[in-house]
Amino acid sequence: MAKGTPATGWAAKDPSGVLSPYSFSRRALKDDDVTIKVLFCGICHTDLHIAKNEWGNALYPVVPGHEIVGVVTDAGPGVKNFKAGDTVGVGYFVDSCRSCVSCGSGHENHCPTLVLTSNAVDYDGATTQGGFSDVLVVDQGYVVRVPEGLPLDGAAPLLCAGVTVYSPMMEFGLNAPGKHLGVVGLGGLGHMAVKFGKAFGMTVTVISSSPRKREEAVERLGADAFLVSQDPEQMKAAAGTMDGIIDTVSAGHPIVPLLELLKPRGQLVVVGAPSTPLELPAYAIIGGGKRVAGNLVGSIGSCQAMLDFAGKHGITADVEVVKMDYVNTAVERLERNDVRYRFVIDVAGSQLGAAA
């Protein structure tokens with residue numbers, strides 16, 4: 001039997017969520033696999049939830065990370081799409097059943113047995129370990145190409161935050177020049193929605209509970225307007241003006257006031273994941289025929305299209321690059337939303353330490 005590839009990463013080993021060095025093995029290279037040297041990996045709120053077992057599904061020890069950019073170092077004999085030296089990305093999932101309705105229609109991100117990049121059980125029974133590590137082995141069908149010219153640290157969060165907002169914007173027609181897009185929340189997801197919206201030629205309004213973010217939204221990110229969601233007069237004046245809204249907020253919040261901002265037949269897309277249920281009275285959507293949808297990242301095809309669009313328009317995430325030995329501090333700061341807008345680990349430039 002072929003031997004697996006030795007790997008070193010940083011793993012959480014209990015619900016404290018504290019990460020420390022960890023040695024393990026990647027699977028032996030299969031015919032359709034590529035081996036990837038990890039260069040950069042973003043830190044997503046999902047990583048925090050998993051490391052601390054806040055969703056009750058942690059498979060300790062768990063190596064987080066699903067916003068991964070790296071370079072191909074080896075390829076199996078069946079690989080046709082990539083070769084050694086290619087710059088590539090890996091996002092939220094690394095396999096799917098390939099036989100269900102979702103997989104067959106190019107929406108494998110909705111596969112009922114989707115294999116996540118981290119903290120999941122692969123079809124061979126192994127626990128998946130993510131990108132807070134030096135090497136990955138992934139089937140070529142779940143790898144995307146990173147366009148030349150994109151800064152790799154800023155490109156890493158596109159593999160999750162970027163495609164999570166780009167995919168529903170494309171699906172629901174929130175990509176047409178002149179349309180009015182509302183973006184709720186100005187964090188890792190929200191700032192990407194603003195950037196894509198402006199690149200599409202849309203009018204973009206940022207909606208936030210914090211007046212302090214006005215200058216950041218308008219002056220630095222280029223939003224056309226800023227709306228304080230706690231200001232009844234501002235909300236009333238903006239009622240019925242928006243074609244669509246991308247709601248990126250992960251804390252509990254009312255959505256009826258957001259629906260009131262939509263034009264008739266307007267679309268609200270929820271991409272944040274509050275732990276408390278959304279309250280949606282029927283009257284809020286019946287009047288005006290308003291629609292509410294959710295979205296989980298995007299398909300491989302959508303992710304590649306997003307990266308190609310980002311390469312053409314020079315779109316990357318705003319990041320703070322850190323070394324692996326800073327990761328626990330970064331997670332603590334992420335809990336306080338003390339980052340603009342994404343931490344990215346310089347994996348290749350880090351000493352991963354003696355594994356435990």
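Quick caveat: nothing in here was measured; it's all calculated off a predicted structure. Scope of the values below: all heavy atoms of this structure, side chains included, with no hydrogens, waters or symmetry mates.
Judged by distance alone, the side chain of Asn328 and the main-chain N or O of Glu332 form no donor-acceptor pair under 3.5 Å. The closest donor-acceptor contact from the side chain of Asp122 to the backbone of Gly125 lies at 3.5 Å or more, if one exists at all. Within the 3.5 Å criterion, the main-chain N or O of Val228 finds no donor-acceptor partner in the side chain of Asp231. For Asp47 (side chain) and Gly65 (main-chain N/O), a donor-acceptor pair under 3.5 Å exists by modelled atom type. Here the side chain of Lys213 pairs no donor or acceptor atom with the backbone of Ser208 at under 3.5 angstrom. Between the side chain of Lys323 and the backbone N or O of Gly349, at least one donor-acceptor pair lies under 3.5 Å. At least one donor-acceptor pair closer than 3.5 Å links the side chain of Thr117 to the backbone N or O of Gly91. Checking side-chain atoms of Asn295 against main-chain N and O of Thr164 turns up a donor-acceptor pair under 3.5 Å. Between the side chain of His110 and the backbone N or O of His107 there is no donor-acceptor pair closer than 3.5 Å. The closest donor-acceptor contact from the side chain of Ser118 to the backbone of Val63 lies under 3.5 Å.
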- Item | side-chain contact (heavy atoms from CB on, under 4.5 Å) evaluation trace for Arg291 with Leu268 | CA-CA 6 Å; Arg291 297 163 290 181; Leu268 171 66; over 6 Å; no
- Query: When you look at Thr205 and His180, which way does the side-chain hydrogen bond (donor to acceptor under 3.5 Å, both in side chains) test go after all the steps?
  - Reply: CA-CA 8 Å; Thr205 295; His180 188 180; 2.8 Å; yes
- Message: side-chain hydrogen bond (donor to acceptor under 3.5 Å, both in side chains) for Ser133 and Tyr22? Distances and angles first, verdict last.
- Response: CA-CA 9 Å; Ser133 60; Tyr22 173 62; over 6 Å; no
- Task: Show your working on side-chain contact (heavy atoms from CB on, under 4.5 Å) between Leu181 and Thr203 and close with a plain yes or no.
- Result: CA-CA 6 Å; Leu181 175 71; Thr203 298; over 6 Å; no
- Task: Tell me, with the steps shown, if Leu189 and Tyr341 meet side-chain contact (heavy atoms from CB on, under 4.5 Å).
- Result: CA-CA 9 Å; Leu189 294 171; Tyr341 285 98; over 6 Å; no
- Message: The test is side-chain contact (heavy atoms from CB on, under 4.5 Å); show your working for Val115 and Thr128 and say whether it passes.
- Response: CA-CA 8 Å; Val115 179; Thr128 60; 3.7 Å; yes
- Verify salt bridge (charged side-chain N to carboxylate O under 4.0 Å, His left out) between Arg342 and Glu67, making sure each step is shown before the conclusion. CA-CA 11 Å; Arg342 208 63 148 191; Glu67 298 180 338; 2.6 Å; yes
- For the pair Asp318 and Arg340, evaluate salt bridge (charged side-chain N to carboxylate O under 4.0 Å, His left out) and give the outcome as yes or no after the intermediate values. CA-CA 6 Å; Asp318 293 0; Arg340 183 195 288 173; over 6 Å; no
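A 4.5 Å side-chain heavy-atom check between Met242 and Ile207 finds at least one atom pair inside the cut-off. Residues Tyr166 and Asn175 have side chains not in contact (no heavy-atom distance under 4.5 Å, counting atoms from C-beta outward). Contact annotation: the side chain of Ile36 never approaches that of Val71 to less than 4.5 Å [non-hydrogen atoms, C-beta and beyond]. Counting only heavy atoms from C-beta outward, the side chains of Val72 and Thr35 never approach each other to under 4.5 Å. At a threshold of 4.5 Å between non-hydrogen side-chain atoms, the residues Glu108 and Ser102 do not count as touching. Put simply, the side chain of Leu136 reaches to within 4.5 Å of the side chain of Arg26, judged on heavy atoms. For the pair Val327 and Val322, the minimum side-chain heavy-atom distance is 4.5 Å or more. Taking the side chain as every heavy atom from C-beta outward, Val38 and Phe132 never approach each other to under 4.5 Å.
The CD atom of Glu148 sits 10.5 Å away from atom CG of Leu150, with the distance rounded to the nearest 0.5 Å. Atom NE2 of His253 sits about 11.5 Å away from atom CD of Glu279, to the nearest 0.5 Å. Atom OG of Ser210 and atom CZ of Phe226 lie 6.5 Å apart (nearest 0.5 Å). For the atom pair Thr8 OG1 and Met324 CE, the distance stands at 10.0 Å (nearest 0.5 Å). With rounding to the nearest 0.5 angstrom, the CZ atom of Phe93 is 5.5 Å from the CG atom of Leu114. If you take OG on Ser302 and CG on Asn109, they are separated by 7.5 Å, rounding to the nearest 0.5 Å.
Salt-bridge formation is detected for the pair Arg98/Asp139: a Lys NZ or Arg NE/NH1/NH2 atom is positioned less than 4.0 Å from an Asp or Glu carboxylate oxygen. Looking at Glu335 and Lys52, a side-chain N of the basic residue comes within less than 4.0 Å of a carboxylate O on the acidic one, giving a salt bridge. Contact check on Arg145 versus Asp308 returns no salt bridge, with no Lys/Arg side-chain nitrogen under 4.0 Å from an Asp/Glu carboxylate oxygen. Using a 4.0 Å cut-off between charged side-chain N and carboxylate O, Asp32 and Lys80 make no salt bridge. Arg333 and Glu320 are joined by a salt bridge, as a carboxylate oxygen and a charged side-chain nitrogen come within less than 4.0 angstrom of each other. Ion pairing between a basic and an acidic side chain is recognised when a charged N comes within 4.0 Å of a carboxylate O; Lys263 and Asp243 show such pairing. Under a 4.0 Å N-O distance rule, the pair Glu219/Arg214 does not qualify as a salt bridge.
The distance between the ring centers of Phe200 and Phe309 falls below 6.0 angstrom.
Under a hydrophobic clustering in which Ile, Leu, Val, Met, Phe, Trp and Tyr are joined whenever their side-chain heavy atoms come within less than 4.5 Å, directly or via other members, Leu259 and Ile246 fall into different clusters. One hydrophobic cluster, built from ILVMFWY side chains closer than 4.5 Å, holds both Ile68 and Val331. Residues Val249 and Val271 do not share a hydrophobic cluster, clusters being chains of Ile/Leu/Val/Met/Phe/Trp/Tyr side chains in contact below 4.5 Å. Criterion: ILVMFWY side-chain heavy atoms under 4.5 Å apart, direct or through other members. Under it, Met235 and Val256 are not part of a common hydrophobic cluster. When hydrophobic clusters are built by joining Ile, Leu, Val, Met, Phe, Trp and Tyr residues whose side-chain heavy atoms come closer than 4.5 Å, directly or via intermediates, Phe343 is grouped together with Leu39.
When all heavy atoms of Ala238 and Leu227 are compared, the closest pair comes out as CB-CD2, 3.8 Å. Considering all non-hydrogen atoms of both residues, Val79 and Phe82 come closest at CG1-O, 3.4 Å. Heavy-atom minimum distance, Pro168 versus Val269: CB-CG1, 3.7 Å. Nearest heavy-atom pair across Pro61 and Gln129 is O-NE2, 3.1 Å. Residues Leu158 and Ile315 come closest through the heavy atom pair CD1-O, 3.7 Å. Here the closest non-hydrogen pair linking Gly188 and Ala161 is O-CB, 3.9 Å.
If you run side-chain contact (heavy atoms from CB on, under 4.5 Å) between Val144 and each of Val90, Ile300, Val163, Val88, only Ile300 comes through. Each of Leu48, Asn119, Leu19 was scored for a side-chain contact (heavy atoms from CB on, under 4.5 Å) with Pro64, with one residue passing: Leu19.
Between the side chains of Tyr142 and Ser96, at least one donor-acceptor pair of N or O atoms lies under 3.5 Å.
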